[in-house]
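None of the values given here were measured: they were computed from a predicted structure. Indexing begins at 1, ligand by ligand and atom by atom, following the structure's order.
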Amino acid sequence: MSDQAERLRHLVESRMQGAPDMPLRPDNERETRVITVTSGKGGVGKSNFTLNFSIALQQLGYRVLIFDADIGLANIDVLMGLSPNYSLYHLLKKEKSIFDIVQIGYGGVRFIAGGSGFTDLLRLSESELNEFAEQVSLLNGHFDYILFDTGAGLSKETMKFILAAHETFVVTTPEPTSLTDGYAIIKMVHQQEEAVQFRLVINRVTDEQEGKATAEKISLVAKRFLDIDIPTLGYVTDDSHVSRAVRRQIPFTAAYPNSDAAREIMSIAERYAGMNRLKRESSSGIKGFLSKMLRLLNNS
Ligand SMILES: Nc1ncnc2c1ncn2[C@@H]1O[C@H](COP(=O)(O)OP(=O)(O)O)[C@@H](O)[C@H]1O
Ligand SMILES: [Mg+2]
């Protein structure tokens with residue numbers, strides 16, 4: 001089957017698998033958990049992790065939205081070989097509602113493409129920003145998880161998403177440069193806001209041993225100098241299936257579900273979802289996220 005045909009089949013299947021058409025029905029019982037995915041250095045696998053982790057969560061029965069927030073380099077749509085009809089741009093230009101710009105991706109995962117509009121978002125007036133936040137808050141209860149895929153490094157904008165999310169995943173590889181840049185992000189964020197919760201994702205490891213050793217390097221330094229505990233979310237193997245899938249523009253969990261990387265992502269998602277089910281801390285959901293974000297934006 002050609003890749004084009006495979007993409008089409010996946011999309012049709014995801015629609016048939018009870019993935020309802022937009023607008024999704026809100027479920028007031030469910031709390032939307034907001035996660036920001038970031039890294040110190042670019043090219044460490046953030047977008048691939050975000051996309052495939054989201055697909056894995058969706059496969060487990062959760063409703064997931066990816067918000068492509070990598071300013072200027074948005075590429076979640078490219079990783080799926082999709083050309084979204086609408087992006088954030090149309091929302092900001094008031095041509096479309098938030099529900100109109102939510103696109104359907106692999107396995108029923110929803111995504112909002114960054115498009116060229118995202119940089120505009122950060123220059124919105126206060127009233128425009130309020131309107132944007134109101135639109136985003138309409139998503140409350142429609143999703144179990146919203147993941148922001150940010151650019152590398154700590155831009156002012158990424159900082160806002162980190163500060164406003166429930167938790168931040170820091171993706172790093174075992175390479176020393178990636179590691180030190182990853183730690184630098186954690187340190188800078190921590191200096192601004194001590195309450196931010198981090199989790200480490202160690203990508204492209206040769207084996208679990210290397211993953212553990214890498215995670216330990218960061219967590220020991222963070223404990224010693226910042227006095228914070230940084231748990232590890234998981235390790236993902238350096239797997240040639242990943243770049244093969246990227247070239248085919250099909251997420252690796254869909255293209256090669258039995259590859260090491262796909263299996264690992266699946267078990268990371270299972271563990272993470274299980275943890276949240278158990279924890280169910282009383283938290284304010286997306287409304288809290290938005291009011292925090294508004295406050296931060298207005299203060300800057
Ligand atoms: N687990 C992995 N194994 C092998 N290659 C990987 C892995 N994760 C990422 N890559 C490679 O790194 C490239 C960049 O990944 P990407 O997710 O776009 O990074 P980022 O979003 O951090 O810039 C991919 O195109 C792929 O070739
Ligand atoms: Mg990326």
Item to complete: Please report how many protein N/O/S atoms lie under 2.8 Å from the Mg ion (ligand 2).
Response: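 Count of protein N, O, S atoms less than 2.8 Å from the Mg ion (ligand 2): 1.
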Under 3.5 Å: N/O of [X] near N/O of ligand 1:
{"X": "Ser47", "result": "yes"}
{"X": "Asn48", "result": "yes"}
{"X": "Asp239", "result": "yes"}
{"X": "Val236", "result": "no"}
{"X": "Asn203", "result": "yes"}
{"X": "Val44", "result": "yes"}
{"X": "Thr237", "result": "yes"}
{"X": "Asn75", "result": "no"}

Worksheet item: In terms of heavy-atom contacts, does CD of Glu270 have more than 12 from other residues, nucleotides or ligands at under 6.0 Å?
Response: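 Correct, the count exceeds 12.
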Under 3.5 Å, sequence neighbours excluded: what are the donor-acceptor pairs made by side chains of residues 237-245?
unit_1	atom_1	unit_2	atom_2	d
Thr237	OG1	Glu264	OE1	3.1
Thr237	OG1	Glu264	OE2	2.5
Asp238	OD1	Arg204	NE	2.6
Asp238	OD1	Arg204	NH2	3.2
Asp239	OD1	His241	N	2.9
Asp239	OD1	His241	ND1	2.7
Asp239	OD2	Asp260	N	3.2
Asp239	OD2	Ala261	N	3.0
Ser240	OG	Arg244	NH2	3.1
Ser243	OG	Ser240	O	3.4

Worksheet item: Could a heavy atom of Ala261 be found less than 4.0 Å from some atom of ligand 1?
Response: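 It does not, in that no heavy atom of Ala261 comes within the 4.0 Å cut-off of ligand 1.
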Worksheet item: Touching ligand 1 at all, Leu51? Heavy atoms, strictly under 4.0 Å?
Response: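 No; Leu51 lies far enough from ligand 1 that no heavy-atom distance drops under 4.0 Å.
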Practice prompt. Determine whether the side chain, the backbone, both or neither of Val242 has a heavy atom under 4.0 Å from any heavy atom of ligand 1.
Written response: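 Within the 4.0 Å criterion, Val242 contacts ligand 1 through side-chain atoms alone.
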